[in-house]
Each structure stands twice: as C-alpha cells, then as structure tokens.
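One structure is given below, encoded as structure tokens.
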Amino acid sequence: MLEGALSWQMIQHHWQNTIQKTCNGRQEFCARTRDYLRENMETVRKTAERFDTIDPFWHQVHLFYIQLEGIEVGWRSGIRRSRREYPSSSSAPSSFKSIETNNHEPKPLDQMLR
C-alpha cells in the first residue's frame with residue numbers, strides 16, 4: 001500500500017502516457033483488450049490461490065497479486081489525498097503555522113485541533 005501511495009503520481013503519468021493515449025479513438029479495441037486481460041488475470045489469480053501452498057511458483061504469483069492489490073489501494077489513496085485542499089502557510093490558522101515550524105515531536109492530532 002505504501003508503495004502505491006508514494007508513487008501514485010508516477011503510476012498515473014505512466015497510465016496517461018501509455019494506456020490512455022493508446023485508447024484514444026480505439027475504444028472498441030481497448031474494451032476487448034481490457035476484457036481479455038481481466039479474464040486472464042482472474043484465471044491466473046484463481047490458479048495461484050489454488051496451488052499457493054503446494055507449488056513455489058504459484059506461491060510467488062499469489063504474492064505478486066497481493067502486492068499488486070496493495071499498490072492499487074495505495075494509488076487510489078494517493079489520488080484522493082492529492083485532491084484535498086490544505087491551507088497554505090500564509091492563510092493557515094496560527095495552530096497550523098506552529099506545526100510547520102515546530103522541530104519537536106508532533107503533538108497528537110486531537111491536541112493540534114484544539
């Protein structure tokens with residue numbers, strides 16, 4: 001999850017530069033490709049889950065899908081986080097300004113919001 005949250009912007013740029021541009025004007029082709037890839041992924045994932053405990057290869061494939069799910073969750077979280085509005089230091093309440101300049105251990109959130 002952390003991997004996707006920290007690299008969400010690079011993931012987004014990669015998608016825009018490859019998939020999104022490739023699919024402009026080719027929606028039918030991309031829909032067929034997406035369906036094929038989704039079906040293939042589900043088949044491989046189910047096989048990996050079935051043989052995870054008895055075959056080292058499928059165990060690694062299973063771990064790959066677990067990691068990929070975490071990356072997706074982190075990526076979605078990073079995008080949501082980037083869309084939030086945060087106060088700038090010039091318009092921030094004084095309590096936020098003290099947080100920005102304080103070099104000490106951060107206070108618990110409930111104390112910062114008082």
Side-chain angles (χ1 to χ4, degrees):
M1 194 166 121
L2 181 62
E3 183 177 357
L6 294 177
S7 60
W8 73 269
Q9 197 170 31
M10 291 189 323
I11 294 169
Q12 187 71 18
H13 289 160
H14 176 71
W15 181 82
Q16 289 172 333
N17 290 331
T18 56
I19 308 301
Q20 188 177 30
K21 286 184 180 181
T22 301
C23 288
N24 284 343
R26 302 172 76 191
Q27 283 74 17
E28 185 180 327
F29 167 77
C30 286
R32 283 194 325 255
T33 302
R34 192 175 12 264
D35 291 344
Y36 170 78
L37 291 173
R38 187 176 293 121
E39 182 181 318
N40 181 268
M41 181 186 75
E42 286 305 314
T43 301
V44 172
R45 182 183 295 212
K46 287 177 184 175
T47 303
E49 287 174 3
R50 196 162 116 211
F51 295 111
D52 174 48
T53 59
I54 58 175
D55 187 306
F57 171 78
W58 289 109
H59 177 68
Q60 292 301 314
V61 172
H62 180 70
L63 293 176
F64 165 77
Y65 278 106
I66 291 171
Q67 181 180 13
L68 199 56
E69 287 172 9
I71 290 172
E72 181 183 3
V73 168
W75 169 73
R76 290 181 186 283
S77 172
I79 288 176
R80 278 193 308 273
R81 191 178 66 240
S82 74
R83 292 179 177 162
R84 291 187 198 140
E85 291 188 26
Y86 296 99
S88 65
S89 56
S90 61
S91 64
S94 60
S95 60
F96 283 114
K97 289 179 184 175
S98 66
I99 294 168
E100 292 175 348
T101 58
N102 187 353
N103 293 330
H104 297 69
E105 197 65 32
K107 295 177 184 177
L109 184 59
D110 63 335
Q111 290 179 9
M112 284 191 260
L113 298 176
R114 287 184 192 164

Tell me if the CD atom of Gln27 is crowded by more than 12 foreign heavy atoms within 6.0 Å. yes
Interatomic spacing from [atom1] in [X] to [atom2] in [Y] - rounded to 0.5 Å:
{"X": "Leu37", "Y": "Arg32", "atom1": "CG", "atom2": "CZ", "value": "12.5 Å"}
{"X": "Arg76", "Y": "Glu72", "atom1": "CZ", "atom2": "CD", "value": "4.5 Å"}
{"X": "Thr53", "Y": "His62", "atom1": "OG1", "atom2": "NE2", "value": "9.5 Å"}
{"X": "Lys46", "Y": "Glu49", "atom1": "NZ", "atom2": "CD", "value": "9.0 Å"}
{"X": "Gln67", "Y": "Gln60", "atom1": "CD", "atom2": "CD", "value": "10.5 Å"}
{"X": "Ile66", "Y": "Arg45", "atom1": "CD1", "atom2": "CZ", "value": "9.5 Å"}

Common cluster, Trp58/Phe64, ILVMFWY with side-chain heavy-atom separation under 4.5 Å: yes
Honestly curious: do Leu68 and Met10 fall in one hydrophobic cluster under the side-chain, below-4.5 Å linking rule? no
For Thr33 and Tyr36, run side chain to side chain contact (heavy atoms under 4.5 Å, CB included): C-alpha distance rounded to whole Å, both residues' side-chain angles, the deciding distance at 0.1 Å, then the answer. CA-CA 5 Å; Thr33 302; Tyr36 170 78; 5.7 Å; no
Are Glu69 and Val73 side-chain neighbours, meaning at least one heavy-atom pair lies under 4.5 Å? no
Find out whether Tyr65 and Val44 are in side-chain contact, i.e. whether some heavy atom of one side chain is under 4.5 Å from a heavy atom of the other. yes
